**Student:** 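Provided herewith is a single structure, encoded as structure tokens, for subsequent inquiry.
Computation of the quantities below employed the complete heavy-atom set of this structure, encompassing side-chain atoms and omitting hydrogens, waters and symmetry-equivalent molecules. The shown structure was predicted, so the numbers you read here are calculated from the model rather than taken from an experiment.
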Amino acid sequence: MAKPDEARRFYARLMAAHARSADPRIEEVFAAVPREAFLGPGPWTVFAGEGRFQTPSADPGYIYQNVLVVLDADKGINNGEPMLHAMWLGKVEPKPGEHVTHIGAGTGYYTALLARLVEPGGGVTAFEIEADLAARAKANLARYRNIEVIHGDAVANPLPPSDIVYVNAGVVAPPAAWLKALKPGGRMIFPWRPSETVGLAVVVMRLENGFACRPFMGSWFIPCVGASTAEPGAKIPTRERAARTRSIWLREDKAPDRTATAVFGEVWFSSRAIRVDDTR
């Protein structure tokens with residue numbers, strides 16, 4: 001087995017390649033932040049494909065691979081797939097001085113990566129609804145001065161104004177308050193789970209005249225408490241219609257029209273792309 005630092009550097013290079021970003025700091029932060037510090041003592045139980053098994057020992061080299069590491073087996077909570085998060089970081093492009101809201105922080109590993117990417121001058125507000133995970137995240141992230149961990153419900157509580165909202169729990173639609181929390185030019189990335197058979201990662205950008213969005217990969221996360229159940233009367237999309245979505249609208253700004261691919265309460269999705277000069 002490679003030495004932990006050597007394994008982490010190679011893992012960081014692999015993650016940066018998957019991020020497909022011109023930002024060299026993505027590789028730097030994956031190399032700098034020790035994943036094992038957020039997982040509890042090893043050996044660890046990992047998911048790979050359809051299998052679940054334990055690492056042979058507590059050697060950190062075993063978790064510097066694209067494996068899911070179990071955090072709470074009973075609730076189906078894991079540390080997240082590094083390759084997926086590398087791709088997501090490449091999509092939202094955190095920059096120094098920006099503020100990130102991380103929803104579903106778990107024990108804080110990806111929160112730490114986000115915090116490093118917005119240094120200097122930026123910060124992260126991290127929400128975690130599970131009390132034990134929030135307590136672990138607070139302990140794990142204590143040395144990061146630019147992170148606030150909140151044990152609370154990000155659906156029921158207000159979000160701070162954010163350059164990035166980074167969501168790690170499946171929603172039928174992002175609550176209107178999450179969209180409103182985005183600053184001009186702000187980005188949101190979330191797992192869209194409008195039905196049991198549709199799971200897509202969606203990246204959103206707030207423009208002057210609306211919210212442009214694009215589904216870009218399959219994605220499955222545990223449900224987000226308070227935002228994972230469709231209300232009666234919702235328009236639920238097929239996977240094909242969901243994949244054609246190009247903008248998100250607040251009903252208070254614009255009523256659903258014939259381009260609607262999905263409608264959930266205050267928020268609806270459209271197949272129409274937003275043009276810079278589109279104020280209708």
**Student:** Looking at every non-hydrogen atom in both residues, tell me the closest pair between R246 and P215 and how far apart they are.
**Tutor:** NH1-CD, 3.8 Å
**Student:** Could you pull out the closest heavy-atom pair between N66 and M83, with the gap in Å?
**Tutor:** OD1-N, 2.8 Å
**Student:** For A31, is there any backbone N or O sitting under 3.5 Å from a side-chain donor or acceptor partner on R8?
**Tutor:** yes
**Student:** Apply side-chain contact (heavy atoms from CB on, under 4.5 Å) to the pair H85 and N168, showing each step before the final yes or no.
**Tutor:** CA-CA 10 Å; H85 285 277; N168 291 159; 3.5 Å; yes
**Student:** May I ask you to check whether W88 and Y166 place their ring centres under 6.0 Å from each other?
**Tutor:** yes
**Student:** Check the pair V69 / T45 against side-chain contact (heavy atoms from CB on, under 4.5 Å), numbers first and verdict last.
**Tutor:** CA-CA 6 Å; V69 181; T45 300; over 6 Å; no
**Student:** Can you name the nearest heavy-atom pair linking N140 to A37, along with the distance?
**Tutor:** OD1-O, 3.4 Å
**Student:** Just checking, any donor-acceptor pair under 3.5 angstrom between side chains of D59 and S57?
**Tutor:** no
**Student:** To the nearest 0.5 angstrom, please state how far the CG atom of L114 sits from the CD atom of E119.
**Tutor:** 11.5 Å
**Student:** For the backbone of S271 and the side chain of T261, can you confirm whether one donor and one acceptor N or O come within less than 3.5 Å of each other?
**Tutor:** no
**Student:** In terms of hydrophobic clustering (I, L, V, M, F, W, Y; side-chain heavy atoms under 4.5 Å; direct or indirect links), are F38 and I77 co-clustered?
**Tutor:** yes
**Student:** Which donor-acceptor pairs under 3.5 Å do the side chains of residues 16-23 make with protein atoms, sequence neighbours left out?
**Tutor:**
| from | atom 1 | to | atom 2 | distance (Å) |
| --- | --- | --- | --- | --- |
| S21 | OG | D23 | N | 3.0 |
| D23 | OD1 | R25 | N | 2.9 |
| D23 | OD1 | R25 | NE | 3.1 |
| D23 | OD2 | R25 | NE | 3.2 |
| D23 | OD2 | R25 | NH2 | 2.9 |

**Student:** When L182 is tested against each of V165, I164, T101, L159 for side-chain contact (heavy atoms from CB on, under 4.5 Å), which residue passes?
**Tutor:** V165
**Student:** Taking atom CD as the centre, does E266 end up with more than 12 heavy-atom neighbours from other residues, nucleotides or ligands that are less than 6.0 angstrom away?
**Tutor:** no
**Student:** Output, in order, the C-alpha distance, side-chain angles, deciding distance and verdict of side-chain contact (heavy atoms from CB on, under 4.5 Å) for L133 and R136.
**Tutor:** CA-CA 5 Å; L133 297 182; R136 290 173 64 182; 4.3 Å; yes
**Student:** What distance do L117 atom CG and E28 atom CD have between them, rounded to the nearest 0.5 Å?
**Tutor:** 9.0 Å
**Student:** Between CG of D163 and CZ of R206, what distance do you get to the nearest 0.5 Å?
**Tutor:** 12.0 Å
**Student:** Once you round to the nearest 0.5 Å, how far does CZ of R35 lie from CZ of F30?
**Tutor:** 9.0 Å
**Student:** Please name the pair of heavy atoms, one in V198 and one in T238, separated by the smallest distance, quoted to 0.1 Å.
**Tutor:** CG2-C, 4.1 Å
**Student:** Minimum heavy-atom separation for M188 to P174, with atom names?
**Tutor:** SD-CB, 3.8 Å
**Student:** Measuring from L179:CG to F211:CZ, what's the distance to the nearest 0.5 Å?
**Tutor:** 4.5 Å
**Student:** Please say which of Y64, Y62, Y109 ends up in a side-chain hydrogen bond (donor to acceptor under 3.5 Å, both in side chains) with E36.
**Tutor:** Y64
**Student:** How long is the span from the OG1 atom in T107 to the CG atom in D72, to the nearest 0.5 Å?
**Tutor:** 11.0 Å
**Student:** What pair of heavy atoms forms the shortest contact from I274 to S247, and how long is it?
**Tutor:** CG1-CB, 3.7 Å
**Student:** Yes or no on side-chain contact (heavy atoms from CB on, under 4.5 Å) for F216 and I189, after CA distance, side-chain angles and deciding distance?
**Tutor:** CA-CA 10 Å; F216 66 95; I189 196 162; 3.6 Å; yes
**Student:** Are I103 and W178 packed together at the side-chain level, in the sense that at least one heavy-atom pair is separated by less than 4.5 angstrom?
**Tutor:** yes
**Student:** Among V29, V118, I26, find the one that has a side-chain contact (heavy atoms from CB on, under 4.5 Å) with P94.
**Tutor:** V118
**Student:** Flag the pair F269 / W192 as yes when their ring centroid distance falls below 6.0 Å, and as no otherwise.
**Tutor:** yes
**Student:** Check whether more than 12 heavy atoms from other residues, nucleotides or ligands sit under 6.0 Å from atom CZ of F10, and answer yes or no.
**Tutor:** no
**Student:** Let me have the donor-acceptor pairs involving side chains of residues 122-129, under 3.5 Å, with sequence neighbours excluded, atom names and distances please.
**Tutor:**
| from | atom 1 | to | atom 2 | distance (Å) |
| --- | --- | --- | --- | --- |
| T125 | OG1 | H99 | NE2 | 2.8 |
| E128 | OE1 | A105 | N | 3.3 |
| E128 | OE1 | G106 | N | 2.7 |
| E128 | OE2 | E130 | N | 3.0 |

**Student:** Output side-chain donor-acceptor pairs under 3.5 Å for residues 219-236, partner residues at least two apart or in another chain, one line each.
**Tutor:**
| from | atom 1 | to | atom 2 | distance (Å) |
| --- | --- | --- | --- | --- |
| S228 | OG | C224 | O | 3.2 |
| K235 | NZ | A260 | O | 2.8 |

